[in-house]
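Encoded as structure tokens, the structure appears first; notes follow it.
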Amino acid sequence: MRRPIVAGNWKMNTTRSEAEELVLAIRTLAAAAPTEVVVCPPYVWLELVSRALEGSNMKTGAQDVYWEDSGAFTGQVAVTQLVGMCEYVIVGHSERRRLFGDTDEIVARKVAACMGAGLIPILAVGEDAGDHAEEVVRRQVTTALAGVTPHPLVAAYEPVWAIGTGDAAIPEYAQWVATVIRDELRIAGFDPQTVPVLYGGSVNPENFPGFVAQPDIDGGLVGGVSLDARKFATLVEQASTAAY
Ligand code: PGA
């Protein structure tokens, strides 16, 4: 059975003291869970957060990465700089794609760089309103994994129209897209049954049980609610209960 994962993407939120307070509250409330808990703070708090989680079984993740190892790339952060600081990296988040020009090819370079450095990419894919979900998701997964050999990977289905809108997908629909993602993972040479597939987009404690009850959904990639330690811990609890 795949271990459930609940990953919190803090995005560009928290001051230093808020980050300290939040990570400690999450550690206190969610430490005992059998679920893999991943906290993804802004880069500037990554070291602080990973230190605060030392000795727990919780993990940290970066929200993005650049694919070169070093050099004249102002403002970028390399996988080599993240090694030892975090275990996961969110790659292909729709905000990166939409606001910062991350194309499918750029996402592929980032995935390959993470895998080469032993970091686990959380590959986010999903269609925008009006797009054909299956077509978009198949293309995004195929392109992202072209040229890589199987390495540890997490996939996240995040319909763009559901992110930050309060309008989550219907769990059965997300389940169907998760099977499409698994099919593309298989085509790309991965063992689809070993890759966790998460759902993301307006996840909250009211709707999350419906997602983790789906056989192909192994947890959540959470934005807004991850800034509320109590609610986030509730999601962790719900993922743990669904799986065991
Ligand atoms: P949301 O964000 O939970 O605030 O909708 C999800 C995400 O961007 O991963």
Side-chain angles (χ1 to χ4, degrees), residues 4-14 18-19 22 26 30 35-43 45-46 49 58-65 86-102 107 110-111 114 120-129 131 133 136-137 140-141 144 153-171 173-174 177-178 181 195-212 214 217-239:
I5 299 178
V6 175
N9 175 7
W10 294 3
K11 307 193 178 180
M12 199 178 70
N13 294 298
T14 63
E18 286 166 352
L22 182 56
I26 291 171
T35 293
E36 175 97 329
V37 178
V38 185
V39 179
C40 306
Y43 278 136
W45 315 139
L46 199 50
V49 165
M58 298 182 167
K59 304 290 189 335
T60 45
Q63 297 176 14
D64 187 40
V65 75
C86 63
E87 289 80 10
Y88 291 89
V89 182
I90 301 170
V91 176
H93 190 282
S94 69
E95 284 150 19
R96 296 291 326 168
R97 294 178 190 263
R98 190 166 45 88
L99 302 171
F100 303 104
D102 283 15
V107 171
K110 293 181 174 184
V111 166
C114 288
I120 305 175
I122 301 177
L123 171 64
V125 298
E127 82 287 4
D128 208 343
D131 287 345
V136 171
V137 164
Q140 289 178 336
V141 176
L153 170 72
V154 175
Y157 170 51
E158 296 211 304
V160 180
W161 48 267
I163 294 177
T165 59
D167 188 16
I170 293 164
Y173 172 79
V177 180
I181 290 173
V195 178
V197 178
L198 315 182
Y199 168 77
S202 296
V203 163
N204 60 43
E206 287 70 50
N207 62 31
F208 198 48
F211 288 101
V212 286
Q214 304 299 321
I217 298 178
D218 305 306
L221 179 54
V222 186
V225 165
S226 71
L227 298 169
D228 180 321
R230 246 169 228 296
K231 288 187 184 167
F232 186 68
T234 302
L235 302 180
V236 172
E237 180 62 37
Q238 289 169 337

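We count ligands from 1, going down the list as the structure has it; atoms in each ligand are counted the same way. Values below: every heavy atom of this structure, side chains too, minus hydrogens, waters and symmetry copies.
Using modelled atom types, no side-chain atom of Tyr199 and backbone atom of Phe208 make a donor-acceptor pair closer than 3.5 Å. The backbone N or O of Val154 lies less than 3.5 Å from no partner atom in the side chain of Tyr88, so there is not a single donor-acceptor pair. A donor-acceptor distance shorter than 3.5 angstrom exists from the side chain of Gln63 to the backbone of Lys11, with no hydrogens or angles considered. The backbone N or O of Thr14 lies less than 3.5 Å from a partner atom in the side chain of Trp45, making a donor-acceptor pair.
The CD1 atom of Ile122 lies 10.0 Å from the SG atom of Cys114; values are rounded to the nearest 0.5 Å. Rounded to the nearest 0.5 Å, atoms OH (Tyr157) and CD (Glu127) are 3.5 Å apart.
Listed by atom number, the atoms of ligand 1 under 4.0 Å from Ser202 heavy atoms are 1 (P), 3 (O), 5 (O). Heavy-atom proximity to Gly164, at under 4.0 Å, picks out these atoms of ligand 1: 1 (P), 4 (O), 5 (O).
Contact check on Arg98 versus Asp128 returns no salt bridge, with no Lys/Arg side-chain nitrogen under 4.0 Å from an Asp/Glu carboxylate oxygen.
Of the N or O atoms in Lys11, one or more lie within a sub-3.5 Å distance of an N or O in ligand 1. Between Gly201 and ligand 1, no N or O atom pair is found at a separation short of 3.5 Å. In terms of polar-atom proximity, defined here as any N/O pair under 3.5 Å, His93 does make such a contact with ligand 1.
At least one heavy atom of Gly223 sits less than 4.0 Å from an atom of ligand 1. Distances from ligand 1 to the non-hydrogen atoms of Val225 include no value under 4.0 Å.
For atom 4 (O) of ligand 1, the closest heavy atom belonging to the protein is Gly224 N, 2.8 Å. Among protein heavy atoms, atom 9 (O) of ligand 1 sits closest to Glu158 OE2, 2.6 Å.
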